[in-house]
Amino acid sequence: MQLFDISEASHFCTPLQAHVPGVGQSLKAFHRTLPRQTRLVEGTTYFDVHRVSLLNAIERWILFGVADYRRALDMFVPSNAPWAQVTLYYSSFFAANAILGMFGIWLTHDRLVDVVQGTPNSQILRISRSPRSPNGYPGSHRIFWDFFYEGCNTISPWVPGNLQTAVSPVNNDRVWQIEARNDVNYDMQGAFDGAMFFSSTFNPKRLRSLPGSLGQQLDVTENMLKLAIYFAKYLSLRSFAYEGLGTGNRSKVFRDLVTKVSPGLVTQSALHELLGSF
């Protein structure tokens with residue numbers, strides 16, 4: 001897998017010309033319409049649509065990553081601690097997708113788009129179908145993290161020293177994040193044990209007292225988000241990702257979307273009935 005270097009990534013993320021409605025679209029849907037070609041060449045419509053759509057996706061991954069992080073902070077109670085970890089996992093996953101995207105990589109369970117040539121104004125991307133994990137991991141999320149940390153070998157020279165942990169496998173294990181998520185998402189004993197451990201160790205006055213894998217996931221997620229935002233600023237990333245979602249400049253719309261207060265819907269829900277009938 002080949003990535004852009006920092007100057008090539010800067011070109012790829014350069015502010016685009018005036019938005020043409022309909023150019024940005026679902027990457028998955030767009031790639032399903034492509035003929036059986038294996039390359040996207042800068043200057044062609046296929047390259048432009050892929051690029052606009054990927055840059056939009058990058059900004060949205062950052063938005064949803066930060067928003068999930070924000071909501072996870074409301075879940076630090078025993079009954080929600082396992083889902084807080086799942087939410088933090090997806091926040092990290094979104095940020096990692098954004099980081100790879102800025103360096104030209106788009107990865108799904110059945111597509112890998114990487115770089116053939118990074119020369120500005122002559123960039124070429126390669127489409128690979130049914131990509132295989134570099135180290136033979138099964139499962140879409142394990143494959144993603146294997147590719148992510150493989151790509152980090154290219155990215156790491158441009159990563160600030162205080163964020164180097166974001167590009168290093170957690171506990172020297174490329175699939176730690178997804179395995180830790182699965183432990184609390186699919187194993188109810190693991191989820192309950194985590195909730196019990198949380199209840200006995202967490203001090204709500206000290207966020208860093210979060211115990212075990214939940215606390216570790218929090219640290220990983222924060223650094224992954226910081227790195228995604230660092231590169232977005234460094235590379236002057238601009239797209240049309242938030243059109244129609246608010247008023248004002250991009251930063252204001254981003255802040256408003258992340259910090260928006262949840263509607264008070266408990267009184268309109270079935271919660272009272274559920275609590276009284278069990």
Side-chain angles (χ1 to χ4, degrees), residues 1-4 9 12 24-40 46-47 49-65 67-69 83 85-116 124-155 166-170 173-187 217 220-221 224-225 227-228 231 239 241:
M1 181 178 69
Q2 182 174 335
L3 286 72
F4 291 132
F12 186 75
Q25 56 184 272
S26 161
L27 279 164
K28 285 189 174 184
F30 169 63
H31 275 264
R32 283 197 296 267
T33 68
L34 289 177
R36 292 288 296 183
Q37 64 188 77
T38 59
R39 295 194 173 193
L40 300 171
Y46 286 148
F47 183 96
V49 173
H50 173 86
R51 180 187 181 197
V52 170
S53 302
L54 180 55
L55 294 180
N56 281 340
I58 291 165
E59 292 217 53
R60 290 165 183 161
W61 276 319
I62 293 173
L63 167 65
F64 292 138
D68 278 355
Y69 169 77
W83 199 250
Q85 183 164 339
V86 173
T87 304
L88 288 170
Y89 167 81
Y90 278 104
S91 177
S92 177
F93 178 68
F94 292 154
N97 273 280
I99 292 165
L100 285 184
M102 285 181 270
F103 287 87
I105 304 300
W106 180 62
L107 176 65
T108 70
H109 72 282
D110 62 354
R111 289 288 190 280
L112 169 64
V113 176
D114 71 333
V115 177
V116 172
I124 301 174
L125 302 175
R126 169 177 49 211
I127 303 171
S128 301
R129 291 168 173 81
S130 301
R132 294 190 176 186
S133 163
N135 289 290
Y137 289 107
S140 61
H141 280 242
R142 294 184 186 91
I143 291 171
F144 172 83
W145 288 112
D146 196 18
F147 273 114
F148 174 77
Y149 289 115
E150 191 79 11
C152 287
N153 294 326
T154 298
I155 296 170
V167 294
S168 301
V170 184
D173 180 355
R174 289 187 174 190
V175 297
W176 180 89
Q177 291 189 73
I178 183 60
E179 298 294 358
R181 186 212 74 169
N182 288 346
D183 285 346
V184 298
N185 195 33
Y186 298 120
D187 181 349
Q217 184 64 68
V220 172
T221 297
M224 200 77 77
L225 289 169
L227 184 59
F231 276 132
S239 73

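A quick note: this is a predicted structure, and the numbers were derived from the prediction, not measured. Residue numbers start at 1 and run along the sequence shown.
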Calculate, to the nearest 0.5 Å, the distance between atoms [atom1] and [atom2] belonging to [X] and [Y] respectively.
X	Y	atom1	atom2	value
Leu27	Leu107	CG	CG	12.0 Å
Ser168	Tyr149	OG	OH	8.0 Å
Phe47	Arg39	CZ	CZ	13.0 Å
Leu55	Met102	CG	CE	9.5 Å
Lys28	His109	NZ	NE2	6.0 Å
Arg51	Leu40	CZ	CG	12.5 Å

(request) Is it possible for you to check whether Arg181 lies under 6.0 Å from the centre of the six-membered ring of Tyr89, through NZ or CZ, and within 45° of that ring's axis? (result)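 Arg181 over Tyr89 ring: yes.
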(message) Tell me whether Trp83 at atom CH2 has more than 12 heavy atoms from other residues, nucleotides or ligands lying less than 6.0 Å away.
(response)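 No, because the 6.0 Å sphere around CH2 of Trp83 holds 12 heavy atoms or fewer from other groups.
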(message) Test side-chain contact (heavy atoms from CB on, under 4.5 Å) on Leu112 and Ile105; report intermediate values, then the result.
(response) CA-CA 7 Å; Leu112 169 64; Ile105 304 300; 4.0 Å; yes
Side-chain heavy-atom pair [X], [Y] within 4.5 angstrom cut-off:
X	Y	value
Trp176	Trp145	no
Thr33	Tyr46	no
Met1	Pro134	no

(request) Give the C-alpha distance, both sets of side-chain angles, the deciding distance and a yes or no for side-chain contact (heavy atoms from CB on, under 4.5 Å) between Phe144 and Leu100. (result) CA-CA 10 Å; Phe144 172 83; Leu100 285 184; 3.9 Å; yes
Determine the interplanar angle of the [X] and [Y] rings, folded into 0 to 90°, and report it as parallel if under 30°, tilted if 30 to 60°, perpendicular if over 60°.
X	Y	result
His50	His31	perpendicular
Tyr90	Phe94	tilted
Phe231	Phe103	perpendicular

Taking [X] for its side chain and [Y] for its backbone only, find out whether a donor-acceptor pair lies under 3.5 Å.
X	Y	answer
Ser53	Gln25	yes
Thr221	Leu88	yes
Asn153	Glu150	yes
Ser26	Ala29	yes
Arg111	Ile127	no
Arg142	Ile178	no

(request) Could you tell me which residues satisfy side chain to side chain donor-acceptor pair (under 3.5 Å) with Asp173, sequence neighbours excluded, listed by chain and number? (result)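 Once residues adjacent in sequence are excluded, Asp173 has no partner under the side chain to side chain donor-acceptor pair (under 3.5 Å) criterion.
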(message) Which residues pass the side chain to side chain donor-acceptor pair (under 3.5 Å) test with Gln2, not counting sequence neighbours?
(response)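 None.
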(request) Consider only side-chain N and O atoms of Asn135 and Ser133, and report whether a donor and an acceptor are under 3.5 Å apart. (result)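 On atom types as modelled, these side chains do not qualify, holding no pair under 3.5 Å.
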(request) Tell me yes or no: between the side chains of Asn56 and Ser239, is some donor less than 3.5 Å from an acceptor? (result)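 Present: a donor and an acceptor within the cut-off.
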Over all heavy atoms of both residues, which pair between [X] and [Y] is shortest? Give the atoms and the distance, please.
X	Y	value
Ile62	Ala98	CG1-CB, 3.8 Å
Val115	Leu3	CG2-C, 3.8 Å
Leu227	Ala166	CD2-CB, 4.0 Å
Ile143	Tyr137	CG1-O, 3.3 Å
Val220	Val170	CG2-CG2, 3.6 Å
Phe4	Thr154	O-CG2, 4.3 Å

(request) Output, in order, the C-alpha distance, side-chain angles, deciding distance and verdict of side-chain contact (heavy atoms from CB on, under 4.5 Å) for Val175 and Asp146. (result) CA-CA 7 Å; Val175 297; Asp146 196 18; 5.6 Å; no
(request) Decide yes or no on side-chain contact (heavy atoms from CB on, under 4.5 Å) for Val116 and Leu125, but give the supporting numbers first. (result) CA-CA 5 Å; Val116 172; Leu125 302 175; over 6 Å; no
